[in-house]
Q: 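Sending over a structure as structure tokens; questions will come in a sec.
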Amino acid sequence: MELVRVTGGASLSGSVRVRGAKNSVLKLMAATLLAEGRSTISNVPDIVDVRIMNELLRRLGCSVTHDREQGVVAIDVPRSPGVRADYELVRAMRASICVLGPLTARCGSAEVALPGGDAIGSRGLDLHQSGLEMLGATVRLSHGYFVASAPDGLTGADIRLDFPSVGATENLVMAATLASGTTVIDNVAREPEIVNICEMLVAMGARIDGIGTSRLTVEGAASLHPVDHEVVGDRIVAGSWAFAATMTGGDVRIDGVNPSHLDVVIEKLELAGATVETAEASLRVRGPKRPVGIRVSTLPYPGFPTDLQPFVIALNSIAEGSGMLTENLFEARWRFVRELARLGAKVRVDGHHALISGVTKLSGAPVEASDIRAGAALVIAGLVAEGVTEVSGVDHIDRGYEHLVEQLLNLGATVERVEVPDPVDVVLHE
Ligand code: EPU
């Protein structure tokens, strides 16, 4: 079993480069399925989820090469791709569901395993299903798989999402590009990653109006063509570094991200006492001696991102005064709180609110990551804890953070990855 072992006390200083967003690249890779031929995606982060997506596309019959150093994935999509995404891969990465829309639109059928709930909440897929049905597909659940069928192709429709779901917006906009006629999708998500995929689809020959707004109008095309496209910089990874700089009283320049994608985050960090300077594709964050507690509510973009929620709780746990976090997207992100409590954080959860009373120091302890963001936030919390913090569940971190330990070392942290015997084996052996 692998751990990240952090020794607290360092104030981070230097610069980090952020590559493309996990939550964009996976969808761009799925979008290549819409056109026969070779597409390339650049600014691809070297993370495990990309490798899972490579494998998923290979099993659909694509030929995929990945230059991890250059951050380029080239995907050759055959004339007739396979249509089944197996449970084995979907359970490893929920984002696999994003092949449902493109496969149904291009191949007239798709079988994608249901990912099930995960560590941050129940995460329904009803909007993906009902949207595809409105486009004329039949979608049924059979033996744990979504089985979608549209043998005569999809037909444009007026769709209104009950909630601006990121995944449903992506699946439906991809599907609509090959539907006959016009599709209007109202109340769509407006995340920069949605803009990124819409721009890619337009470059592939799709006609989409309203990009970046709550209403997308898509004129279906008979076919699309392959494309070379760049992934938008990862605002969540950049935000994670901004919190790390603020919490450790550090001075960190973060390159490779559009700071306007972090407007609300920057506002909150400034309220916590950080000084933030922005440039075109970078920001510099200088932390205060000790941050001040902040109140944050998570919301769909342009609101405060739920994926930075654990960092807000971690910051508040060592801040002067008290802070509050209201989680409006995922009901079960609180598992992180129990782990942070092992470091001495004082957090009271009441419904979807967490009330945090700042303590002057956390104290290092073994903790376990339950999801990608919780994992990175526990490592950052370890930087402001006295002594040693050992974070297990490192596989979660590797799914979304490229070379986290190396980057932290470059910024002056005392941190290492270590291999230890699995505790269950040790106990059973005794
Ligand atoms: N929802 C439904 N029905 C649906 C779709 C969504 O009820 O058909 C609910 C979900 O249960 C959830 C809320 O809507 O409560 C938000 O879900 P959304 O569909 O917007 O999220 P997602 O597409 O499943 C993506 C990111 C998440 C990020 C959310 C919100 C990817 C691969 N994942 O998930 O990222 O938290 O949007 O911004 O893009 C992460 O990176 O660690 C992560 C969890």
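Whatever order the structure lists ligands and atoms in, that order sets their numbers, starting from 1.
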Q: Please determine if Glu219 and Arg207 form a salt bridge, counting it only when a charged side-chain N lies under 4.0 Å from a carboxylate O.
A: no
Q: Where's the contact between His396 and ligand 1, heavy-atom distance under 4.0 Å: side chain, backbone, both or neither?
A: neither
Q: Quick one: which of His128, Lys22, Lys27, Met93 has a heavy atom closest to atom 39 (O) of ligand 1?
A: Lys27
Q: Report the member of Pro310, Gly303, Gly124, Gly131 with the shortest heavy-atom distance to atom 4 (C) of ligand 1.
A: Gly124
Q: Taking the basic N atoms (NZ, or NE/NH1/NH2) and the acidic carboxylate oxygens, is any pair closer than 4.0 Å for Asp86 and Arg91?
A: no
Q: Are more than 12 heavy atoms, taken from residues, nucleotides or ligands other than Arg215, located less than 6.0 Å from that residue's CZ atom?
A: no
Q: Please say whether Gly167 places an N or O atom under 3.5 Å from an N or O atom belonging to ligand 1.
A: yes
Q: Among the heavy atoms of Glu170, does any lie under 4.0 Å from an atom of ligand 1?
A: no
Q: Would you tell me which option among Val25, Val166, Leu26 has the nearest heavy-atom contact to atom 37 (O) of ligand 1?
A: Val166
Q: Just so I know, are the side chains of Glu390 and Val420 near enough to count as touching, which here means a heavy-atom distance under 4.5 Å?
A: no
Q: Specify side chain, backbone, both or neither for Tyr301, according to which of its non-hydrogen atoms lie closer than 4.0 Å to ligand 1.
A: neither
Q: Do ligand 1 and Thr306 have nitrogen or oxygen atoms that lie under 3.5 Å from each other?
A: no
Q: Would you mind checking if Glu55 and Arg59 are paired as a salt bridge, meaning a charged N to carboxylate O distance below 4.0 Å?
A: yes
